[in-house]
Amino acid sequence: MATHRKPKQNPLAGSTARTAATLALAGAATATALEGTGHATPAITADQAKTQVAGYYRQAEVATEKYNGAKERTDRARSALDRLQDEAARRTERLNAARNALGSFATAQYREGGMPAGVRLLLSSSPDRYLESAALADRAGTRQAVAVARVRHELRDVQQVRTTAGARLSELRREEAALAAHKRTIEARLAQAKEVLNALPAAGRTAVEAADGAVETTGTAGKAAAHAALAATGAVPAAPAPAASGRAARAVAFAYSAIGKPYVWGATGPSGFDCSGLTQAAWQAAGVSLPRTTYTQINAGRRVARNQLAPGDLVFFYSGISHVGLYIGGGRMIHAPHPGAPVRIAPIDEMPFAGASRPA
């Protein structure tokens, strides 16, 4: 009968199992909670967002100036390649003409060849006429030699032009690749800035944009609004300060007329500008041609010290010379800040000053 009795159970076994299961579940929940905490993106303040967005815009502007330089080189390489291709076509035509002339000589030689000159003299009914013809043939041989030399010369020229064109084509492809890389960088940084702004609550985003003055303003109404907003802060002088020259005054006048137009990277107007595009367009309106990028514009004209600035001078910022504005006097400039912020007046103290130049 003892063999049919149920085995005696340990009263602690069920409790222990239940406790272990409970602890396991609690541990899993804790791990999940900690894991979620470790991967969650902490909320950032408006000030932190403003710093991050400014950093992305700064990187985008550096890439924009590199893009502008690559585009300028790309345009030059493409123009040079077009000229070389036209020249190669003209030289090929001359080469074909020289080959045709040489072919005519070869055909004539074939028709008259194969008979020794002495035999032709014996068979000739008029030796005097034959001798005259022989002299002409000798001169023809000289012309043939000249034709051969011409073919060789034209062939060398065609090959040289084609070699140069090939080098220009390789250069063009390199610059186009650099152009595409800079464009991707610009778009990525702007997308990152937008992502940071979009992650903020509406009030926080408004605060960041308001602090930066990033208000889209276009057209006459937008320009008037920009002037009114700037005037309210005392940023717009009643009238421009005297410029260093008549041309400088015209450049300043152009910059004033551009206030309120949007920042567009890679643009030189008339509806939008990037920073170096604005200064280039302003001085172009004054009859002075400036290079396209900030790091080449700083070498245009003569350098001026900060305490000698006059309206119309170009003022540059950051160690990499990646931003430029047009000085208007009173410690202020007109510049195109970055995407989302229209052309406006700002103090030159708001960025690290790197130098200045006076185009004319």
Side-chain angles (χ1 to χ4, degrees), residues 53-75 175-176 178-198 205 208-209 212-227 229-230 251-285 289-297 314-318 320-326 328 333-346 350-351:
V53 169
Y56 289 136
Y57 282 150
R58 172 95 178 79
Q59 293 170 32
E61 189 167 48
V62 171
T64 295
E65 290 306 309
K66 291 180 179 178
Y67 173 91
N68 291 337
K71 187 174 188 307
E72 194 173 40
R73 293 190 298 272
T74 298
D75 291 343
E175 294 300 343
E176 286 177 335
L179 200 65
H182 296 318
K183 180 179 180 181
R184 287 193 297 270
T185 300
I186 295 165
E187 291 173 341
R189 297 299 173 268
L190 296 182
Q192 287 171 310
K194 186 175 181 180
E195 185 178 348
V196 171
L197 288 172
N198 288 342
R205 180 175 181 176
V208 171
E209 291 177 339
D212 183 58
V215 180
E216 292 287 353
T217 52
T218 57
T220 303
K223 190 181 301 182
H227 273 291
L230 290 164
V252 170
F254 181 94
Y256 267 92
S257 72
I259 289 175
K261 292 187 177 180
Y263 178 102
V264 178
W265 64 267
T268 57
S271 57
F273 303 90
D274 62 21
C275 68
S276 57
L278 174 64
T279 51
Q280 185 187 49
W283 273 99
Q284 183 64 45
S289 180
L290 291 183
R292 179 63 182 91
T293 64
T294 52
Y295 46 85
T296 52
Q297 287 183 5
L314 304 177
V315 283
F316 299 89
F317 304 91
Y318 301 106
I321 317 297
S322 59
H323 191 77
V324 62
L326 192 77
I328 57 172
M333 64 178 172
I334 296 176
H335 73 141
H338 56 70
V343 175
R344 65 192 187 198
I345 294 174
E350 75 174 12
M351 289 176 284

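These numbers were taken from a predicted model, which means no experiment stands behind them.
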Ile186 and Ala60 have their tightest heavy-atom pair at CG1-O, 3.8 Å
Taken to the nearest 0.5 Å, the spacing of Ile334 CD1 from Leu326 CG works out to 6.5 Å
Item checked: Flag, side chain of Lys71 to backbone of Leu179, donor-acceptor distance under 3.5 Å -> no
Inset, instruction - Give the ring-plane orientation class for His323 versus Phe317, where under 30° counts as parallel, over 60° as perpendicular and anything between as tilted. - result: tilted
Worksheet item: Is the number of heavy atoms from other residues, nucleotides or ligands within 6.0 Å of CD (Glu350) greater than 12?
Response: yes
Looking only at heavy atoms, the pair that brings Pro342 and Pro337 closest together is O-CD, 3.2 Å
Nearest heavy-atom approach of Thr185 to Ala63 is CG2-CB, 3.8 Å
Output for pair (Phe273 CZ, Gln280 CD), nearest 0.5 Å, gives 10.5 Å
* If you measure only the distance, is there a donor-acceptor pair under 3.5 Å linking the side chains of Glu72 and Thr293? -> no
- Query: Taking the side chain as C-beta and beyond, is there a heavy-atom pair between Phe254 and Gln284 under 4.5 Å?
  - Reply: no
Nearest heavy-atom approach of Gly277 to Arg292 is N-NH1, 3.2 Å
Do Tyr295 side-chain atoms and Glu65 backbone N/O form a donor-acceptor pair below 3.5 Å? yes
If you define the side chain from C-beta out and look only at heavy atoms, does anything of His335 sit under 4.5 Å from Tyr263? no
Determine yes or no for a side-chain-to-main-chain donor-acceptor pair under 3.5 angstrom, with Thr294 supplying the side chain and Ser276 the backbone.
no
Item to check | Student check: side-chain heavy atoms of Tyr318 and Arg58 closer than 4.5 Å | outcome: yes
task: Compare all side-chain heavy atoms of Ile259 with those of Ile345 and state whether any distance is below 4.5 angstrom.
output: yes
Closest heavy-atom pair, Cys275 versus Glu61, reported as atoms and distance to 0.1 Å, is SG-OE2, 3.5 Å
Salt bridge Glu175-Arg73, side-chain N to carboxylate O under 4.0 Å
yes
Just wondering, do Asp274 and Tyr67 contact through their side chains at under 4.5 Å, heavy atoms?
no
Practice prompt. Flag the pair Trp283 / Leu314 as yes when at least one side-chain heavy-atom distance between them is below 4.5 Å, and no otherwise.
Written response: yes
On a heavy-atom basis, the closest approach of Lys261 and Ser271 is CB-O, 3.9 Å
CG of Leu278 to CE of Met333, rounded to nearest 0.5 Å, is 10.5 Å
